[in-house]
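As structure tokens, the structure follows; a few thoughts come after it.
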Amino acid sequence: MKETLVEAQGLRKVYQNGVPVEALRGVDLTIKKGEFVAVQGPSGSGKSTLLHLVGTLDRPTEGELRIAGQDVLALKGNALADFRRKHIGFVFQMFYLIPEMTALENVMLPLKPYRRKLAFDLEARARELLEQVGLEHRMHHYPNQLSGGEQQRVAIARALVNRPTLLLADEPTGNLDAKTGEQIMHLLEILRQEYGLTILLVTHNDAIARYADRVLYLRDGVFVT
Ligand SMILES: Nc1ncnc2c1ncn2[C@@H]1O[C@H](COP(=O)(O)OP(=O)(O)O)[C@@H](O)[C@H]1O
Ligand SMILES: [Mg+2]
């Protein structure tokens, strides 16, 4: 039996700004270490909300969530930030690179404040990751000098700079053409093997979901079969 990495029970999320919106209505989710799980569903079905909750960027209104054996809802402030930095990497549809920073600087950014405390050389790791994503010749380029696919590669390298256990990806190919999207998925496959990553990816694209071991369907805030 493989170790369980993510265990969510009865996740409910009600957004309270203005008219309350029940974005998740009781979601159970178990992900084993090393699994690649895709969540598919139409726009507004709660995919991003689920990813934010699992990524500890937001808290559920109700429910339980354990990641790597830790009750993450019991963590606050620095302890929560430390947990996230140790275990979780994020990739988003919009890349969110800092335009004034080179590819290399963008990859180093998440760990820059902790540089002195790290047991490894941050720049060497960032260079190695950029090589792995095929950007050894683009390290000193700025985001606006890179194609969409290249920018997403930088974002993936940045997401892996902390060697996360769990990679969360929210429509990572949503801003890319089909061919570039396939290349990004192929890269994620390789990185998954290399680092023994567990991946939770949301997409509304069948071709992208096909890369996963398992696909779950979200509709109006609940999983459907
Ligand atoms: N910050 C927020 N405040 C209020 N409502 C939100 C917020 N984020 C998402 N929602 C609403 O929650 C529902 C689910 O949104 P979301 O998780 O972004 O869906 P998806 O990623 O599947 O498109 C939608 O009805 C959306 O409008
Ligand atoms: Mg979304």
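All figures in this text were calculated on a predicted structure; none of them were measured in a lab. Below, each value reflects all heavy atoms present in this structure, side chains not excepted, and no hydrogens, waters or symmetry copies. Every number for a ligand or one of its atoms is a count from 1 in the order of the listing.
- Note on Arg127 versus Glu131: no salt bridge recorded, every NZ/NE/NH1/NH2 to OD/OE distance being 4.0 Å or above.
- Ligand 1 is surrounded by Tyr15, Asn17, Val21, Ala23, Pro42, Ser43, Gly44, Ser45, Gly46, Lys47, Ser48, Thr49, each with at least one heavy atom closer than 4.0 Å.
- With respect to Glu62 and Arg12, a salt bridge is recorded, a charged nitrogen being found less than 4.0 Å from a carboxylate O.
- Taking all atoms of both residues into account, the shortest heavy-atom contact from Leu97 to Pro143 is CB-CG, 3.8 Å.
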### side chain to side chain contact (heavy atoms under 4.5 Å, CB included) between Leu188 and Val91, intermediate numbers included
CA-CA 11 Å; Leu188 286 178; Val91 179; 5.6 Å; no
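- Classification of the Phe92-Phe90 ring pair by plane angle, with boundaries at 30° and 60°, yields parallel.
- Look at Glu189 and Arg192 and you find a salt bridge, because one of the NZ, NE, NH1 or NH2 atoms lies within 4.0 Å of a carboxylate O, short of that distance.
- Taking 4.0 Å as the cut-off between side-chain N and carboxylate O, Asp213 and Lys32 do not count as a salt-bridged pair.
- Applying the 4.5 Å side-chain rule to ILVMFWY residues, one finds Ile98, Leu109 in the same cluster as Met101.
- Annotation: side chain to side chain contact (heavy atoms under 4.5 Å, CB included) contacts of Phe83 (sequence neighbours excluded): Ile67, Gln70, Val72, Leu75, His87, Ile88.
- Near-neighbour remark for the Mg ion (ligand 2): protein N, O or S atoms under 2.8 Å are Ser48 OG; waters not counted.
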